Protein chains: 2
Amino acid sequence: MAPRALAKQTNAEMPDVVSDLEILIGYNMKRAYVAIQKDFRAALGEGGLSPRTFSALSLVVAHPNISQSSLARLLGIERSGLVAIIDELERRNYLTRSHVPGDRRVQALVATHEGNAAYQATLATVQAHEERLLATLSATEKHTLMQILIKIRLTDKEDI
Amino acid sequence: MAPRALAKQTNAEMPDVVSDLEILIGYNMKRAYVAIQKDFRAALGEGGLSPRTFSALSLVVAHPNISQSSLARLLGIERSGLVAIIDELERRNYLTRSHVPGDRRVQALVATHEGNAAYQATLATVQAHEERLLATLSATEKHTLMQILIKIRLTDKEDI
DNA sequence: CGCATATTGTTAATCAGGTAAACAGTTTTG
DNA sequence: CAAAACTGTTTACCTGATTAACAATATGCG
């Protein structure tokens, strides 16, 4: 088995077998996610929400009065990491931190009218981006993919 | 539709519907990848290779004498970002940068004997980690998943 | 009651992974 | 031969995330 010669031109190398990476699900999942994320950001444009900020807003809209601790847990990140995300959403006037009567530690998060509107518009854009990007997948494939992704998520005992 | 009351106890909140995120493939793909990556690192332990360093080593083993530019392209990252990865592999004595006769710019990457051995051992560990983590998936599901991930990868025109 | 323990939001330091821009040295091309 | 292109590299920077500490507040229990 002779060693492959050094390819000088990038377009001259289209190897039949790239490496063992080809059969590793983790590697291909990362590459697929990077492709999705890139398209997500392109779809939302320059001043758009980042994936994580969009996710946080989505959960606040779905769970009015949620605390930051609970939200961090749903997102699977640390409380400390959430602060900057909520700061941004507050700066955009998409939500408010409001003190709750019973407990002076927590600050209930509530989406503003503007935040709700921006969320609905962004959600539509995100759904359009996924439909366009994943147009080559059949409805069955998308459904199967979701089922599998959720199964994998749940192997992490910290998830949800 | 009354707003949900603020849940004070984390274990008291197990909402039937979390948010629209539930039906977004991008979000679930990220969560699934995070789970896989976490298990990958746990499987390889403290002094183990990171996913990206393992990937780079895999490609060097599969493509002896590859240049850093070509390798970066295969990995889908910038040349500049690869330098630190190759530095680490060289520090571990897993590969060598050797000058090639024809072109004094490029440095051909070649895995050492030690690097090959470490790679084979690590690959076995990684495969065991995936088999264990994805034990709930049938062979058909794994196969379908790989096909779909590759389809999604290829929506990125920069890929491969 | 009072004290230990726990929780909430926050800051600060740090890390991993990655990009973009510039650069010197070296081909390649018109 | 001059202009353009390519290679590896450094530097500065960015995003996303973690850990450790902290003050304020709440809860549990003897």
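Because the structure is predicted, anything quoted here is derived from the model rather than measured. Quick note on labels: first sequence line is chain A, next is B, and so on, each numbered from 1.
- Listed nucleotides: C:dG18, C:dT8, C:dT27. Nearest to the side chain of A:K30: C:dG18.
- Nearest to the side chain of A:R105, among C:dA16, D:dA24, D:dG8, sits D:dA24.
- What separates CD1 of A:I85 from C1' of C:dT10 is a distance of 14 Å, to the nearest Å.
- Looking only at side-chain heavy atoms (C-beta outward), B:F40 and A:L24 stay at 4.5 Å or farther from each other.
- At a threshold of 4.5 Å between non-hydrogen side-chain atoms, the residues A:I23 and B:Q127 count as touching.
- With distances taken from any side-chain atom of A:E78 to the nucleotides C:dT8, C:dG17, D:dT18, the minimum falls on D:dT18.
- Place B:I77 and A:R97 on DNA chain C by their nearest nucleotides, and A:R97 ends up nearer the 5' end.
- For A:S80, counting side-chain heavy atoms from C-beta on, the closest listed nucleotide (C:dT11, C:dA21, C:dT8) is C:dT11.
- Between A:Q107 and C:dT10, a side-chain N or O to OP1/OP2 separation shorter than 4.0 Å is present.
- For B:R79 against D:dG8, a side-chain-to-base donor-acceptor contact under 3.5 Å is present.
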Next item on the list: Would you please test B:L49 and B:Y94 for side chain to side chain contact (heavy atoms under 4.5 Å, CB included) and show each step?
Entry: CA-CA 11 Å; B:L49 297 175; B:Y94 285 179; 4.2 Å; yes

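- Residues B:I150 and A:R31 fail the side-chain proximity criterion, which asks for heavy atoms closer than 4.5 Å.
- The CZ atom of B:R73 sits 18 Å away from the C1' atom of C:dT19 (whole-angstrom rounding).
- For A:R104 and A:R52, each mapped to the nucleotide of DNA chain D holding its nearest heavy atom, the one lying further toward the 5' end belongs to A:R52.
- A:R41 has its CZ atom 9 Å from the P atom of D:dT15, to the nearest Å.
- The interatomic distance linking A:L82 (CG) with C:dT8 (P) rounds to 13 Å, in whole Å.
- In this structure, the CG atom of B:L71 is 10 Å from the P atom of D:dG8, given to the nearest Å.
- Taking atom CG of A:L95 as the reference point, atom P of C:dG9 lies 13 Å away to the nearest angstrom.
- What separates CG of A:L75 from P of C:dG9 is a distance of 13 Å, to the nearest Å.
- With rounding to the nearest 0.5 Å, the separation of OH in B:Y119 from CG in A:D20 is 3.0 Å.
- Protein atom NE2 of B:H99 is 15 Å distant from nucleotide atom C1' of C:dT27, rounded to whole Å.
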